[in-house]
Enquirer: 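Below is one structure. I have some questions about it.
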Amino acid sequence: MDSLLNITKKTRELYVKFLTETPIEKLVEIPRGFNNNIWWNVAHVAVTQQLLVYKLSGLEPHLSETFINAYRKGSIPDASYVPTLEELDRLKAALIELITRTEEDLALGVFKTYQPYLTSAGVNLQNVSEAMTFNLVHEGIHIGAVIALKKALGL
């Protein structure tokens, strides 16, 4: 599990870099041919990890229900929404803090049960270890999406 957590921390550092290096107006721009934006992709990975790991373990996610509903699977970006600098900083911090918290909770043994879940990719998750493994694949997919969005935006 240590390796999964370390790799996840590295992917989260990439997401923080994307948020830091991209002007806010470009974070929320949806280029022609795309259904979402950089901001949505980054927020979505934070939400998905919390749902796959915490919610399916019967635990409360460490993000608000409002935030979760705005960025969960099947949600679409609000075309008029532009995050404040405070919200941007909060998401950057949360990306790292959520994985640190997961690492601590794993060490404390808080993940005792898991509700099996069939992902939209056809992967059947049976426990928190499988959820963390799949989450890393999911985060990699969205890194690719962010790179494609940046290219489409001329960044």
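The structure presented is a predicted model; accordingly, all values stated were derived computationally and were not measured. Along the sequence shown, the residues carry numbers beginning at 1.
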Enquirer: Check the angle between the aromatic planes of Trp40 and His44 and answer parallel, tilted or perpendicular using the 30° and 60° thresholds.
Expert: parallel
Enquirer: Any side-chain heavy atom of Leu19 sitting closer than 4.5 Å to one from Leu27?
Expert: yes
Enquirer: Where do Arg90 and Glu86 land on the salt bridge (Lys or Arg N to Asp or Glu O under 4.0 Å) test, with the steps shown first?
Expert: CA-CA 6 Å; Arg90 198 174 322 133; Glu86 180 182 327; 2.8 Å; yes
Enquirer: Grouping I, L, V, M, F, W and Y whenever their side-chain heavy atoms are under 4.5 Å apart, do Ile141 and Leu136 come out in a common cluster?
Expert: no
Enquirer: Are Trp39 and Thr22 close enough that a side-chain donor and a side-chain acceptor fall under 3.5 Å?
Expert: no
Enquirer: Kindly compute the distance separating NZ (Lys9) from CG (Leu4), expressed to the nearest 0.5 Å.
Expert: 12.0 Å
Enquirer: Can you name the nearest heavy-atom pair linking Tyr15 to Leu95, along with the distance?
Expert: CB-CD1, 3.9 Å
Enquirer: Measuring only between side-chain heavy atoms, which start at C-beta, is Leu155 closer than 4.5 Å to Glu21?
Expert: no
Enquirer: Verify the cluster assignment for Leu14 and Ile99: are they in a single hydrophobic cluster under the rule of side-chain heavy atoms below 4.5 Å apart?
Expert: no
Enquirer: Which atom names give the shortest non-hydrogen contact between Phe111 and Thr102, and what distance separates them?
Expert: CE1-O, 4.2 Å
Enquirer: Where is the tightest heavy-atom contact between Tyr54 and Asp105, given as atom of each residue plus distance?
Expert: OH-OD2, 2.6 Å
Enquirer: If you take all heavy atoms of Leu52 and Leu56, which pair is closest and at what distance?
Expert: O-CB, 3.6 Å
Enquirer: OG1/Thr20 to CG/Asp89 distance, rounded to the nearest 0.5 angstrom?
Expert: 8.5 Å
Enquirer: Is the backbone of Ala70 close enough, under 3.5 Å, to the side chain of Ser75 for a donor and an acceptor to pair up by distance?
Expert: yes
Enquirer: Please round to the nearest 0.5 Å and tell me the distance separating atom CD of Glu104 and atom CG of Leu5.
Expert: 11.0 Å
Enquirer: Does the Asn135 side chain pair with the main chain of Ala131, one donor and one acceptor, at a distance under 3.5 Å?
Expert: no
Enquirer: Are Leu85 and Val16 co-members of a hydrophobic cluster defined by side-chain heavy atoms under 4.5 Å apart?
Expert: yes
Enquirer: Looking at CD of Gln49 and CG of Leu63, how far apart are the two atoms once the value is rounded to the nearest 0.5 Å?
Expert: 8.5 Å
Enquirer: Can you name the side-chain hydrogen bond (donor to acceptor under 3.5 Å, both in side chains) partners of Ser3, sequence neighbours left out?
Expert: none
Enquirer: Please check this pair: side chain of Gln50 against backbone of Val47, looking for a donor-acceptor N/O pair closer than 3.5 Å.
Expert: no
Enquirer: Rounded at 0.5 Å granularity, tell me how far CG in Leu149 sits from CZ in Phe34.
Expert: 5.0 Å
Enquirer: According to a hydrophobic-cluster definition based on side-chain heavy atoms being under 4.5 Å apart (Ile, Leu, Val, Met, Phe, Trp, Tyr only), do Ile38 and Ile147 belong together?
Expert: yes
Enquirer: What's the shortest heavy-atom distance between Ala94 and Arg12, and which atoms?
Expert: O-NH1, 4.4 Å
Enquirer: So which atom in Phe67 and which in Ala43 form the shortest heavy-atom distance, rounded to 0.1 Å?
Expert: CZ-CB, 3.6 Å
Enquirer: Report yes if some heavy atom in the side chain of Pro61 is under 4.5 Å from a heavy atom in the side chain of Ile68; otherwise report no.
Expert: yes
Enquirer: Using modelled atom types and a 3.5 Å cut-off, is there a donor and acceptor pairing between side-chain atoms of Tyr71 and backbone atoms of Thr48?
Expert: no
Enquirer: Would the distance check show the side chain of Ser57 and the main-chain N or O of Leu59 forming a donor-acceptor pair, the cut-off being under 3.5 Å?
Expert: no
Enquirer: Please tell me if the side chains of Val82 and Glu25 come closer than 4.5 Å, counting only heavy atoms from C-beta onward.
Expert: no
Enquirer: Please answer: with hydrophobic residues joined when any side-chain heavy atoms are less than 4.5 Å apart, are Leu153 and Leu88 in the same cluster?
Expert: yes
Enquirer: Measure the spacing between CG of Asn124 and CD of Glu130 and express it to the nearest 0.5 Å.
Expert: 7.5 Å
Enquirer: With heavy-atom distances below 4.5 Å as the criterion, would you say the side chains of Val128 and Leu106 are in contact?
Expert: yes
Enquirer: Would you sort out whether Glu29 and Lys26 count as a salt bridge (Lys or Arg N to Asp or Glu O under 4.0 Å), showing the intermediate values?
Expert: CA-CA 5 Å; Glu29 187 176 332; Lys26 292 293 187 180; 3.3 Å; yes
